[in-house]
Amino acid sequence: MVPTKAAREDPRRAEECGCAPTPAESRELRAGVSRRTLLGAGTAGLVAPIVAGPLLPSAFAATYPSWDDVQAAKANEATKAAEVQRIQGFIQSLTGEVARTRTAAEQAAGAFYTAQQEYFEAAVRADTLQSQADAEAANATDAANKAGRVAAQLYRDGGDQTSLELFFSGSAATADDLLTRLGVMDKLLERNQRVYATAITARDAAQSLTDQAVVARDERDRLQAVAEQKMSESQQAADAAQAALDAQTLNLGQLQAQLAALQDTTAKTIADYQAGVEAARIAEEQRRAAERAEAERLAAAGNGGGVVSSGWARPTSGRRTSDFGPRSSQCGNGYCSTSYHYGVDLSGGCSAGIYAAAAGTVVYAGYNGGYGNYIKIDHGGGIGTGYAHIRNGGFNVGYGQRVNAGDLIGSEGNTGNAFGCNLHFEAYVNGSPVNPINFLADRGVSI
């Protein structure tokens with residue numbers, strides 16, 4: 001549904017630029033590893049490097065200066081001035097592209113969230129109207145059965161056989177038709193007006209609610225198409241923003257160090273600046289490794305990710321803090337919660353592990369307005385699940401990736417409209433949200 005990243009389409013780019021995997025690629029290399037594999041093999045050196053196309057848009061295809069270029073430029077003032085200007089242009093381009101794509105991604109994510117919530121609201125309304133229509137239809141049938149029993153009793157008590165045959169001669173097409181027939185049966189109508197009035201009222205209500213449900217389903221289907229389109233646009237915008245950020249992360253530090261080296265008039269050497277860039281890179285790798293180790297430590301606690309015989313798993317170890325359905329709105333942190341909760345909140349603590357509830361394909365991984373960082377998995381057969389409020393930097397999977405039940409896909413955070421670190425978990429049947437508690441219970445998983 002969402003186009004794949006251009007970088008994935010052309011793996012030769014890695015060979016052309018000779019660059020290392022980007023942060024996004026590093027996340028993807030870790031993504032397919034299950035919780036059990038992670039815990040068994042440790043946190044370091046688990047996945048061998050894989051050459052893949054860098055997730056960079058064409059705007060970043062330019063050749064960045066090497067340290068040899070910088071060293072050569074220092075020997076000539078004119079060359080140095082030109083190199084300074086070129087590097088400043090690269091820095092400005094990287095920074096501007098991050099800002100531009102981030103703004104576009106935020107706008108697209110907001111549009112996706114709004115469209116998704118409107119679709120969910122329409123789906124609940126359509127289901128509610130249909131349930132009400134079914135209930136009224138049952139009431140009408142019950143009242144009609146009572147009327148039939150009354151008519152039979154009157155016949156046994158000496159009622160008019162002609163009137164009775166008239167009543168049973170065929171189904172009434174409309175309430176007016178039924179009233180006309182009943183008008184002939186004076187004795188029956190006189191003694192049982194309330195029974196027949198109830199039947200007619202229930203039948204009319206059932207038809208009215210059914211008509212409304214049809215309209216509501218049409219609107220639901222329209223809004224579902226809109227939401228899917230907005231999801232596609234948001235995913236593309238999120239990919240573009242991540243590519244810009246990855247390009248900046250990969251190149252900005254070195255460009256800034258090269259610029260400083262060219263503008264430096266002291267005796268500090270190029271090698272000193274190179275060493276500084278390498279030290280910063282190592283420090284960042286260590287920080288990320290520590291962050292991953294802490295997430296995996298938290299993932300080891302509790303029963304999150306445990307797969308049962310049905311092939312389904314509990315999406316986190318956290319306790320349930322908010323249920324599915326109507327609720328009183330809460331306000332805080334500059335926003336108010338919705339009056340209808342389309343999922344359940346499970347709180348295992350900041351950075352606690354989030355696991356795929358079943359095997360499937362990631363059809364969205366990115367920011368989603370009030371849901372914050374959000375993952376949606378398609379499990380096939382019209383079944384899907386959603387995972388919201390993932391912490392910044394807490395994605396372990398990317399769009400288009402195949403996951404297994406119990407795989408570690410992210411970690412809990414408080415992004416979006418959250419009142420603290422938690423997982424907002426949703427279950428979908430044919431795109432519409434259903435109660436995740438009952439949904440998972442039917443599959444042997446308790447939350």
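One-based numbering along the sequence shown.
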Exercise for the section: Fit a plane to each ring of H424 and Y371, take the angle between them on a 0 to 90° scale, and name the class: parallel (under 30°), tilted (30 to 60°) or perpendicular (over 60°). Expected result: tilted

Practice task
Determine whether T385 and E426 make a side-chain contact, defined as any pair of heavy atoms from C-beta on separated by less than 4.5 Å.
Solution key: no

Completion exercise
Separation between CD1 (I354) and CG (D407), nearest 0.5 Å, reads 13.5 Å

Exercise for the section: Using the side chain to side chain contact (heavy atoms under 4.5 Å, CB included) rule, take Q88 and L259 through it: C-alpha gap first, then chi angles, then the decisive distance, then the call. Expected result: CA-CA 7 Å; Q88 287 174 332; L259 181 63; 3.9 Å; yes

Problem - Heavy-atom donor-acceptor pair, R391 side chain to N414 backbone, under 3.5 Å - result: no

Fill in the blank from the handout: Which of K376, Q236, Q116 passes side-chain contact (heavy atoms from CB on, under 4.5 Å) with M231? Answer is K376

Problem - Whether D211 side chain and S208 backbone form a donor-acceptor pair below 3.5 Å - result: no

Completion exercise
Closest non-hydrogen contact found for Y273 with A257 is CD2-O, 3.7 Å

Fill in the blank from the handout: Tightest non-hydrogen contact, residues S234 and A109, listed as OG-CA, 3.4 Å

Practice task
For residues Q130 and R217, determine if any side-chain heavy atom of one lies less than 4.5 Å from a side-chain heavy atom of the other.
Solution key: yes

Problem - Nearest heavy-atom neighbours spanning A427 and P436 - result: N-CG, 4.1 Å

Problem - Pairing of E106 and R102 as salt bridge, 4.0 angstrom limit - result: no

Practice task
Starting from the C-alpha separation in whole Å, work towards a yes-or-no answer on side chain to side chain contact (heavy atoms under 4.5 Å, CB included) for L346 and T321.
Solution key: CA-CA 6 Å; L346 304 167; T321 57; over 6 Å; no

Practice task
Find the distance between CG (N368) and NE2 (H389) and round it off to the nearest 0.5 Å.
Solution key: 10.0 Å

Handout entry: pair I377-I409: side-chain heavy atoms closer than 4.5 Å
Key = yes

Exercise for the section: Look at E83 together with K80 and state whether they make a salt bridge at an N to O cut-off of under 4.0 Å. Expected result: no

Problem - Trace of the ring-ring contact (aromatic ring centres under 6.0 Å, His included) decision for Y355 with W312 - result: CA-CA 10 Å; Y355 309 94; W312 285 75; over 10 Å; no

Exercise for the section: Working to the nearest 0.5 Å, report the span between CD of Q248 and OG1 of T101. Expected result: 9.0 Å

Practice task
Would you check if the side chain of H379 reaches a backbone N or O of G384 as a donor-acceptor pair within less than 3.5 Å?
Solution key: no

Practice task
Would you confirm whether Q258, through its side chain, and P65, through its main-chain N or O, come within 3.5 Å as a donor-acceptor pair?
Solution key: yes

Handout entry: Validation row: Q71, W67 side chains within 4.5 angstrom (heavy atoms)
Key = no

Handout entry: Criterion side chain to side chain contact (heavy atoms under 4.5 Å, CB included) on V429 and S432, from CA distance to verdict
Key = CA-CA 5 Å; V429 175; S432 299; 5.9 Å; no

Handout entry: Partner set under salt bridge (charged side-chain N to carboxylate O under 4.0 Å, His left out) for E118, not counting sequence neighbours
Key = none

Problem - Y113-Y367 aromatic ring centre distance below 6.0 Å - result: no

Practice task
Tell me, please, which residues at least two apart from D378 pass salt bridge (charged side-chain N to carboxylate O under 4.0 Å, His left out).
Solution key: none

Practice task
List the atom of T361, the atom of R402, and the distance in Å for their closest heavy-atom pair.
Solution key: OG1-NH1, 3.5 Å

Practice task
Report the C-alpha distance between D345 and R320 in whole Å, list the side-chain angles of each, state the deciding distance to 0.1 Å, and finish with yes or no for side chain to side chain contact (heavy atoms under 4.5 Å, CB included).
Solution key: CA-CA 6 Å; D345 291 340; R320 192 168 80 237; over 6 Å; no

Handout entry: Test item: S93 side-chain N/O and G89 main-chain N/O as donor-acceptor pair under 3.5 Å
Key = no

Handout entry: Spatial distance of atom CG (N251) from atom CD1 (I87) [nearest 0.5 Å]
Key = 11.5 Å

Practice task
Kindly compute the distance separating CD (Q85) from CG (L262), expressed to the nearest 0.5 Å.
Solution key: 12.5 Å

Exercise for the section: Taking all heavy atoms of A261 and all of I270, pick out the closest pair and write down the distance. Expected result: CB-CD1, 3.8 Å

Exercise for the section: Answer with yes or no after comparing the ring centroid distance for Y399 and Y364 against a 6.0 Å cut-off, counting only values under it. Expected result: no

Problem - Q132 side chain to E136 side chain, donor-acceptor N/O pair below 3.5 angstrom - result: no

Practice task
Examine distances only and state if a side-chain atom of H341 and a backbone atom of D323 form a donor-acceptor pair shorter than 3.5 Å.
Solution key: yes

Handout entry: Minimum side-chain heavy-atom gap Y374-F395 below 4.5 Å
Key = no

Exercise for the section: State, with a plain yes or no, whether a side-chain heavy atom of L255 is found less than 4.5 Å away from one of L94. Expected result: yes

Practice task
Could you tell me whether a side-chain N or O of D204 sits under 3.5 Å from a main-chain N or O of A202, the two making a donor and an acceptor?
Solution key: no

Problem - Side-chain donor or acceptor of T95 paired with backbone N/O of I91 under 3.5 Å - result: yes

Completion exercise
Value for OG (S411) from CD1 (I390), rounded to nearest 0.5 Å, stands at 7.5 Å

Practice task
Would you mind reporting whether R281 and V277 have side-chain heavy atoms less than 4.5 Å apart?
Solution key: no

Exercise for the section: Determine, for E121 against R125, whether the closest basic-nitrogen to carboxylate-oxygen distance falls under 4.0 angstrom. Expected result: no

Problem - Where E412 and G353 come nearest, the two heavy atoms and their spacing - result: OE2-O, 4.5 Å

Exercise for the section: Look only at the side chain of T316 and the backbone of S347, and say whether a donor-acceptor pair between them is shorter than 3.5 Å. Expected result: no

Handout entry: Stepwise salt bridge (charged side-chain N to carboxylate O under 4.0 Å, His left out) test for E219 and R222
Key = CA-CA 5 Å; E219 178 64 2; R222 183 188 72 81; 2.8 Å; yes

Practice task
Assert yes or no for the condition that the ring centre distance of Y428 to F120 is strictly below 6.0 Å.
Solution key: yes

Problem - Geometric cation-pi criterion, R86 with F90: 6.0 Å, 45° - result: no

Practice task
Check whether the side chains of D264 and T266 place a donor and an acceptor atom closer than 3.5 Å, and report yes or no.
Solution key: yes

Handout entry: Heavy atoms from other residues, nucleotides or ligands near CD of Q263 exceed 12 (cutoff 6.0 Å)
Key = yes

Handout entry: Donor-acceptor side-chain pairing of Q117 and Y340 below 3.5 angstrom
Key = no

Practice task
Would you check, one step at a time, whether the test side-chain hydrogen bond (donor to acceptor under 3.5 Å, both in side chains) holds for Q274 with E278?
Solution key: CA-CA 6 Å; Q274 283 181 276; E278 180 62 13; over 6 Å; no

Exercise for the section: Compute whether any side-chain donor of one residue and acceptor of the other, for D134 and S131, lie under 3.5 angstrom apart. Expected result: no

Exercise for the section: Check for a donor-acceptor pair, side chain of T415 on one end and backbone N or O of G372 on the other, with a separation under 3.5 Å. Expected result: no

Practice task
Scan side-chain atoms only and decide if N373 and Y387 contain a donor-acceptor pair under the 3.5 Å cut-off.
Solution key: no

Handout entry: Close side-chain approach of F324 to V434, heavy-atom, < 4.5 Å
Key = no

